[in-house]
Amino acid sequence: MDNYILPRKQAITVFFAFAFGYFLSCLLRAITATISPVLTLEFDLMAADLGLLAGGYFLGFASIQIPLGYLLDRFGPKKIVSSFLLIAFIGTVSFALAQSFSGLLVSRILIGVGAGACLMAPLTGYRIWFAENQQQRANSWMLMIASLGFLSSTLPVQLLLPTLGWRWIFGGTAVLILISIILILAFIPKWNHQKDESLENPLKPGSLADVWKNKFFISVIPMGLFNYGGLMAIQTLWAGPWMIRVAGYTPLESATGLFWINITMLISFFLWGYFLPRITNLGFSALRILTVGLPISFLVMLFIIILGSKAGAFYITLFILSSIFLSVVQPAVGLSFQSHLAGKALTSFNLLIFLGAFIMQWFIGLIIDLVKSFGYTEIIGFKTAFSVFLLLSLTSYIFFLIINKNHIFFKIKNM
């Protein structure tokens, strides 16, 4: 496909139309961290149940990423994201009406399926409609929108809970999803590019197999599953329970902590997106940024584990902030392939992230329950679960360095 760079005004309109849908998907993704105390009491949930319920979103999200890549490459972002948002609407209404844990779980999976195109559709469109040096910025600012969605799921939701209740909050969100669909249909350009012939025969060059055999893609598979997936699991679920059950926060204090965590992330992603093109113009590749920056998050997580009950919102914020370097991976994956493979490459990596988030959300809950079953405290359970996450993240980072060692060290040597 040939790129068609949009005029500036139209590009801004396209960004905001996509951003509203992505904002809603992130609000729904993270809202379980705020309403978890209410759901735990109403449905008598254990830690593993809560992890499975929150992870249901990611399971649904991950399940459609591979077919989504083909659909985006063939039909384009406009048709696909508007269609998938209808599924999110159904899931959100169903969640609001659910009367059992199984009903909540099925609805949560539907929401994840429906929200599955809300980031990949924009990134696929940006790959064609935005100049190459603006794609890292657009990606970072979409992550800023994600932080805004996470932010809205914290203190605002906590303050509305006593008045509206969690069911009406989900009902109101369903109405906003319908508005998002209308905006996308009205403002996103048609997909007028030539059809990718590789869609007709997956064995031809340019197929999905070429993505998964790519050396750089292989190097980021564990990182997508464990580093990125674990980060998302903590940010969208386990940060809240950590603050309540380990640091001793009240639910309102936890929601306030989550609010300020996401305020910090919103500002950070805005600044990161603004300065990142300038950083890369100075010769700092995505590989070097990731190699040098990511170990900071490992040190912060180690401090959180050591401090235990003394590690409150500030340290959780610091960990999520120090993980911002992971944001360069996804656009780097997209730019590693020709434009006709952008959808398949981006959705393949997204599959890893959200499958990892599902695994890590549930796995952390299972470890907490397992440790408690041996008679240890819940604090020890959380510290053990976070330690396993840290070990998996460090191992994935080392694997990434080994696969890319020649390229990384060559770049550093010639800086």
Side-chain angles (χ1 to χ4, degrees), residues 22-41 45 47 50-51 53-55 57-58 108 111 115 143-166 169-170 172-173 228-270 297 300-301 303-304 307-324 326-327 357 360-361 364-365 368 378-379 382 385-386 389:
Y22 187 50
F23 161 80
L24 294 174
S25 75
C26 292
L27 186 153
L28 288 167
R29 183 196 308 175
I31 198 171
T32 46
T34 302
I35 66 173
S36 61
V38 178
L39 295 180
T40 298
L41 288 174
L45 304 180
L50 186 61
L53 178 61
Y57 176 102
F58 299 108
R108 187 78 177 152
I111 293 171
L143 295 177
M144 178 188 71
I145 296 299
S147 296
L148 184 60
F150 299 153
L151 174 70
S152 301
S153 74
T154 57
L155 191 57
V157 169
Q158 183 67 42
L159 294 175
L160 288 173
L161 272 174
T163 305
L164 297 180
W166 65 271
I169 289 173
F170 273 82
T173 305
Y228 224 135
L231 167 66
M232 199 170 290
I234 291 172
Q235 185 178 12
T236 60
L237 176 62
W238 291 113
W242 173 279
M243 286 187 282
I244 293 172
R245 302 176 192 178
V246 178
Y249 285 32
T250 66
L252 180 58
E253 288 172 336
S254 174
T256 304
L258 290 169
F259 178 86
W260 286 109
I261 286 171
N262 288 294
I263 280 282
T264 303
M265 292 308 300
L266 188 154
I267 296 170
S268 299
F269 276 122
F270 174 79
S297 67
V300 176
M301 176 52 65
F303 276 114
I304 289 172
L307 291 173
S309 60
K310 296 180 181 179
F314 172 78
Y315 287 95
I316 299 294
T317 303
L318 195 59
F319 167 70
I320 296 173
L321 184 62
S322 62
S323 300
I324 198 171
L326 282 169
S327 67
M360 294 305 295
Q361 278 195 340
I364 288 173
I368 294 168
E378 194 165 36
I379 293 177
F382 269 88
F386 279 28
F389 160 63

Check whether any side-chain N or O of Thr34 sits under 3.5 Å from a backbone N or O of Ser153 as a donor-acceptor pair, and report yes or no. yes
The reported gap from SG in Cys26 to CD1 in Ile145 (rounded to nearest 0.5 angstrom) is 9.0 Å
Work out which heavy atom in Val157 is nearest to a heavy atom in Ser152; give both atom names and the distance. CG2-O, 3.2 Å
Verify, without hydrogens or angle tests, whether Arg108 (side chain) and Arg29 (backbone) share a donor-acceptor contact under 3.5 angstrom. yes
State which residues pass side-chain contact (heavy atoms from CB on, under 4.5 Å) with Tyr315; sequence neighbours excluded, sorted by chain then number. Ile304, Leu307, Ala311
With a 4.5 Å cut-off on side-chain heavy atoms, are Ile169 and Ile31 touching? yes
Just how far is it from atom CG of Leu237 to atom CE of Met232, taken to the nearest 0.5 Å? 13.0 Å
Residue list, ring-ring contact (aromatic ring centres under 6.0 Å, His included) with Tyr22, at least two apart or on another chain: none
Applying salt bridge (charged side-chain N to carboxylate O under 4.0 Å, His left out), name anything that partners Glu253, two or more places apart in sequence or on another chain. none
Gln361 to Trp238 - nearest heavy-atom pair and separation: O-NE1, 3.0 Å
With no hydrogens and no angle check, is any side-chain donor or acceptor of Trp166 less than 3.5 Å from a backbone partner on Leu161? no
Atom of Pro162, atom of Leu159 and distance for their closest heavy-atom approach: CD-O, 3.4 Å
Leu39 side, atom CG; Leu41 side, atom CG - distance, nearest 0.5 Å: 9.5 Å
Report yes if some heavy atom in the side chain of Ser25 is under 4.5 Å from a heavy atom in the side chain of Tyr57; otherwise report no. yes
Taking Ala313's backbone N and O only, do any of them form a donor-acceptor pair with Tyr249's side chain (distance below 3.5 Å, no angle check)? yes
By ring-ring contact (aromatic ring centres under 6.0 Å, His included) - contacts of Phe150 (at least two apart): none
Closest heavy-atom contact between Leu151 and Phe259? CD1-O, 3.0 Å
Mind checking the OG-CG spacing from Ser297 to Leu318? Nearest 0.5 Å is all I need. 10.0 Å
Not counting sequence neighbours, list each pair that qualifies as a salt bridge (Lys or Arg N to Asp or Glu O under 4.0 Å) and has a residue in residues 148-158. none
Considering all heavy atoms of both residues, which atom of Gly230 and which atom of Phe389 are nearest to each other, and what is their separation? CA-CE1, 3.4 Å
Contact between Thr256 and Thr154 at the side-chain level, heavy atoms closer than 4.5 Å - yes or no? no
Yes or no on side chain to side chain contact (heavy atoms under 4.5 Å, CB included) for Leu252 and Leu155, after CA distance, side-chain angles and deciding distance? CA-CA 8 Å; Leu252 180 58; Leu155 191 57; 3.9 Å; yes
Rounded to the nearest 0.5 Å, what's the gap from CE on Met301 to OG on Ser323? Could you check? 7.5 Å
In the structure I gave you, are the side-chain heavy atoms of Leu231 and Ile320 within less than 4.5 Å of one another anywhere? yes
Test side-chain contact (heavy atoms from CB on, under 4.5 Å) applied to Ile324 - qualifying residues, sequence neighbours left out: Ser268, Phe269, Trp272, Ser327
Looking only at heavy atoms, the pair that brings Ala47 and Arg245 closest together is CB-NH1, 4.2 Å
Phe386 and Trp242 aromatic ring geometry - parallel, tilted or perpendicular at 30°/60° bounds: parallel
Nearest-0.5 Å distance, OG1 of residue Thr32 to CG of residue Leu50: 7.0 Å
